[in-house]
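One structure is given below, encoded as structure tokens.
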2 protein chains.
Amino acid sequence: MAVRKQIESTARVLDPLKQKGLSVTGSRRKILQLFMQQKGALSHGDIEKKAGVTFDRVTIYRTLQTFLDKGIIHAIPTADNAVRYALCQDECGPGHHDHQHIHFICSRCKQIFCLDHFVTPDLHLPKGYQAKDVDVLVKGVCKECSAIAKRA
Amino acid sequence: MAVRKQIESTARVLDPLKQKGLSVTGSRRKILQLFMQQKGALSHGDIEKKAGVTFDRVTIYRTLQTFLDKGIIHAIPTADNAVRYALCQDECGPGHHDHQHIHFICSRCKQIFCLDHFVTPDLHLPKGYQAKDVDVLVKGVCKECSAIAKRA
DNA sequence: TGATTTTTGCAACTATGTTGCTTTTTTGTA
DNA sequence: TACAAAAAAGCAACATAGTTGCAAAAATCA
């Protein structure tokens, strides 16, 4: 059972890489694993720290760019000069991202989460403006931090 | 008439500074003017270019921070590592920002506009999450670029 | 006008992101 | 399994972005 689980988890990491036609390398495996283990989104800096000194900074930049291009991760806009990245849904692929979720920024723990909840903003754009893609960022307090606050 | 107008426009620049209890300096006047003249939002880099070599980079950083703190401008999250800033509505003040507008990012001219159109996203957050602030980023083609595309 | 407070500019530094090139690793095939 | 071709990683050097402390200059207020 333990073995079975390990095989599955290795496959889970390998699959996305092979599926997207990427060669499987140490850094890609490691970075993908970091994303899979992680509830919140990761910045370049986070990855650098979590990966230890194992990889060159440049490799991390290039890996993130590759993952973005192939639709494995998506970038989450922020106002703090530290773009975060998170895994995509299966529907995403090279050149197109299709997310029907919102991004939640916790003002307490500073983590950013993807919440898979449909949002249908009631957009009334002025004449002439054509919307293609909508990104909703919600700031507030996340589930865990709310619980902590309640207890205190 | 021309004189009258000039007085008014100077007043428009001075008012927000005095109103917020800020001392009036060359750089603050200049940077505020840039924002007022500008339709789209500005990044730190944009300001550096538009202001010429007049001001030290550090002064621009500090001025932007001051304007943010006082509620004169607000930061617009982006995914390209270049946070933009734009003027606030009158309702904003030190410590609180109250915007009921969306941010529109034109994929053609790369400009970012504040559109004063009410948005009421239909947020169904999971249990435990508390929303405080919602930021809506819309990517698409702006009015002017749509017109250009039509003509071509 | 002059003293006090605030802001600016400068220098030095840290962090972040990019590019070209060589070495290493991966892949696909024999 | 070994080998050649292709792809990626690592390294160095560079470019850009952002921060901090401090002295000089400017703005405020009496």
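A note on names: the letters A, B, ... follow the listed sequences, proteins ahead of strands, and every chain is numbered from 1.
The hydrophobic cluster containing B/Leu137, built from Ile/Leu/Val/Met/Phe/Trp/Tyr side-chain heavy atoms closer than 4.5 Å, also comprises A/Ile76, A/Ile105, A/Ile112, A/Leu137, B/Ile76, B/Ile105, B/Ile112. The hydrophobic cluster containing A/Val58, built from Ile/Leu/Val/Met/Phe/Trp/Tyr side-chain heavy atoms closer than 4.5 Å, comprises no other residue.
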Step by step, work out the side-chain contact (heavy atoms from CB on, under 4.5 Å) result for B/Leu22 and B/Thr66.
CA-CA 9 Å; B/Leu22 292 174; B/Thr66 305; 3.6 Å; yes
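Between A/Tyr61 and A/His44, the ring center distance clears the sub-6.0 Å criterion. Between B/Tyr85 and B/His74, the ring center distance fails the sub-6.0 Å criterion.
A search for ring pair (Phe, Tyr, Trp, His ring centres under 6.0 Å) contacts involving A/Tyr129 returns B/Phe104, not counting sequence neighbours.
With a 4.5 Å cut-off on side-chain heavy atoms, A/Lys50 and A/Ile47 do not count as touching.
To the nearest 0.5 angstrom, A/Arg29 atom CZ is 13.0 Å from A/Leu34 atom CG. For the atom pair A/Ile72 CD1 and A/Gln19 CD, the distance stands at 9.0 Å (nearest 0.5 Å).
Judged purely by distance below 3.5 Å, without hydrogens or angles, the side chains of A/Ser43 and A/Asp46 pair a donor atom with an acceptor atom.
Between the P atom of C/dT7 and the CD1 atom of B/Ile60 lies a distance of 17 Å, rounded to the nearest Å.
Nearest-nucleotide mapping onto DNA chain C: of B/Thr63 and A/Glu48, the residue sitting toward the 5' end is B/Thr63.
Among the atoms of the strands shown, none is found under 4.0 Å from any heavy atom of B/Thr66.
Bending across the helix from C/dT1-D/dA30 to C/dA30-D/dT1, expressed as the angle between its end axes from five pairs apiece, amounts to 40° (10° rounding).
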Generate the contact string for nucleotides 17-30 of chain C. Rules: B means base contact, S means sugar-phosphate contact only, - means no protein heavy atom under 4.0 Å.
BBBB-----SS---
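Protein chain A touches strand DNA chain D; the 5'-most and 3'-most nucleotides with an atom under 4.0 angstrom of its non-hydrogen atoms are D/dA7 to D/dG18.
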